[in-house]
Protein chains: 2
Amino acid sequence: MGKNTAPRSPRRTDSLSRELIIRSATELLDSGGESALTLRALTVRLSTGYGAIYHHVADKGDLLAAAADDVITRVLAGAALDDDPRETLRRLAVGLFDAVDAHPWVGAELSRQPWRPALLDFYESIARLLNALDVPERARFDAAGTLTNYVLGVAVQNAANARYLADTETDRASFLDNAAAQWAQVDPARYPFVHASVTQLREHDDREQFLAGLDIFLAGIATLT
Amino acid sequence: MGKNTAPRSPRRTDSLSRELIIRSATELLDSGGESALTLRALTVRLSTGYGAIYHHVADKGDLLAAAADDVITRVLAGAALDDDPRETLRRLAVGLFDAVDAHPWVGAELSRQPWRPALLDFYESIARLLNALDVPERARFDAAGTLTNYVLGVAVQNAANARYLADTETDRASFLDNAAAQWAQVDPARYPFVHASVTQLREHDDREQFLAGLDIFLAGIATLT
DNA sequence: ACCTGAACACCGTTCAAGT
DNA sequence: ACCTGAACACCGTTCAAGT
């Protein structure tokens with residue numbers, strides 16, 4: 001009964017919980033991508049059995065969704081505010097973009113289930129900022145929906161690129177060189193515009209193009225008054 | 001040696017080919033969704049062995065990509081033209097949207113590999129139409145990229161919804177009712193805009209909102225001149 | 001060259017049995 | 001109530017062997 005008579009084993013002594021499982025899953029996903037999250041790997045990491053995990057979590061889909069919710073909630077809670085609603089909106093959008101870029105598996109999960117409760121805050125913020133930008137009420141639903149769709153859609157696609165790059169272990173520069181080389185090879189007579197875009201393709205920055213697109217949408221929304 | 005002495009067996013007599021395999025895969029995907037495409041199911045349908053398939057196709061990813069390319073190529077080839085570039089652009093965009101809606105697995109594949117050669121024609125058309133709309137050359141790359149991202153992004157997300165609805169066997173109406181009920185339950189003080197959007201959420205049409213977003217984008221583009 | 005299909009190395013999930 | 005881990009029903013992929 002005396003405390004510390006035996007040396008503490010390095011093994012985790014606190015009991016299993018849903019939170020702990022989700023945190024471990026997130027760590028596996030962040031370090032090794034989607035394929036790193038297997039139930040087997042989880043049991044090893046948590047030194048437990050399959051049933052213990054299934055006791056706290058419905059199935060693998062539940063686990064992935066909960067992990068993605070966590071990431072999204074965290075990034076939205078930390079989004080910086082600004083006096084200028086336009087600037088706040090840009091920061092919010094780029095915050096989500098960066099988070100999905102840093103955790104590409106979140107992008108895959110978002111494309112599996114585009115509407116998660118964690119995104120309610122995002123939609124609410126967008127709508128509020130559009131209101132501050134004097135978007136008339138009649139147009140707000142479509143404008144907020146479109147903006148949300150744009151941000152999520154591009155973030156998800158960008159994450160797909162990030163996953164692809166991580167999988168093939170090629171860096172972004174050579175990937176773009178490769179793509180540009182392919183674009184350069186197409187028939188200039190049939191694809192004049194593709195051909196003309198080769199240089200920009202090689203030099204462009206996805207994040208900046210994302211922001212450029214956001215500005216186009218905001219300019220379009222400004223005409224809705 | 002006489003012809004037709006024995007009755008033709010119902011079994012396929014022509015030899016296996018990559019095209020035939022891809023066509024069969026597409027049929028499996030269209031009728032049963034992504035989970036219906038297994039190598040096992042393919043061998044049964046083609047009454048052949050695993051090795052025969054792997055002789056014509058690198059792996060399952062290759063197969064999925066080729067099947068998706070086929071669908072995209074087909075829809076782009078059949079896209080209707082119009083004298084008005086704005087109208088042509090809308091038809092092109094909605095054509096891709098509808099195709100991905102009809103074949104949701106194409107959406108999943110697009111979100112796995114956002115840039116496929118089959119989309120070169122799409123990008124080229126977009127860029128040409130933006131040129132016809134007097135978008136200055138300097139802005140064209142970002143504008144065409146953003147538009148492509150928007151169309152693909154929303155189509156992919158919409159396909160995710162379609163897959164979700166198909167999986168859970170709930171219809172769209174009750175799905176939206178359910179979502180609207182959830183939105184209605186959120187704290188109106190904390191989420192005033194979400195709360196105010198409940199009715200529109202229940203009544204909105206994804207395809208029309210997609211087009212509304214497209215028009216917002218086009219209005220934004222017009223300010224770039 | 002093209003095909004066969006048993007075998008392999010994985011998955012996610014279940015469940016009788018333990019504490 | 002919570003956990004264990006062998007067992008099950010699947011996957012995609014390989015490969016020695018056939019024609």
Quiz item: Could you go step by step and tell me if B:Arg207 and B:Asp98 meet the salt bridge (charged side-chain N to carboxylate O under 4.0 Å, His left out) rule?
Solution: CA-CA 8 Å; B:Arg207 195 171 182 269; B:Asp98 286 341; 2.7 Å; yes
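- Counting to the nearest Å, the P atom of C:dG5 and the CD1 atom of B:Ile53 are 12 Å from each other.
- A:Asp121 and B:Tyr191 are linked by a side-chain donor-acceptor pair at a separation below 3.5 angstrom, with hydrogens and angles left out of the test.
- B:Phe210 has its side chain out of reach of A:Asn149: every pair of non-hydrogen atoms, C-beta onward, lies at least 4.5 Å apart.
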Practice problem: Go through the steps to decide whether B:Ser174 and B:Asp177 satisfy the test side-chain hydrogen bond (donor to acceptor under 3.5 Å, both in side chains), and finish with yes or no. | Solution: CA-CA 5 Å; B:Ser174 54; B:Asp177 277 353; over 6 Å; no
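- Where pairing requires Watson-Crick or G-U contacts shorter than 3.5 Å, the helical stems of DNA chain D with at least three consecutive pairs are C:4-8 with D:12-16, C:12-16 with D:4-8.
- A:Leu42 places its CG atom 16 Å from the P atom of D:dG5, with the value rounded to the nearest Å.
- In this structure, B:Ile72 and B:Val100 have side chains that are not in contact, with every pair of non-hydrogen atoms separated by 4.5 Å or more.
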Exercise. Could you give me the CA-CA distance, side-chain angles and deciding distance for B:Asp69 and B:Ile22, then say whether side-chain contact (heavy atoms from CB on, under 4.5 Å) is met?
Key: CA-CA 10 Å; B:Asp69 282 353; B:Ile22 291 168; over 6 Å; no
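- Inspection of the B:Asp70 and B:Thr73 side chains reveals no N or O donor paired with an N or O acceptor under 3.5 Å.
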Quiz item: What is the per-nucleotide protein-contact pattern of nucleotides 9-14 of chain C, from the 5' end, where B denotes a base atom under 4.0 Å from a protein heavy atom, S denotes such proximity for sugar-phosphate atoms only, and - denotes neither?
Solution: --SSBB
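- Between A:His56 and D:dA1, a side-chain N or O to OP1/OP2 separation shorter than 4.0 Å is absent.
- For the residue pair A:Trp115 / B:Asn161, no side-chain donor-acceptor distance below 3.5 Å is found, with atom types taken as modelled.
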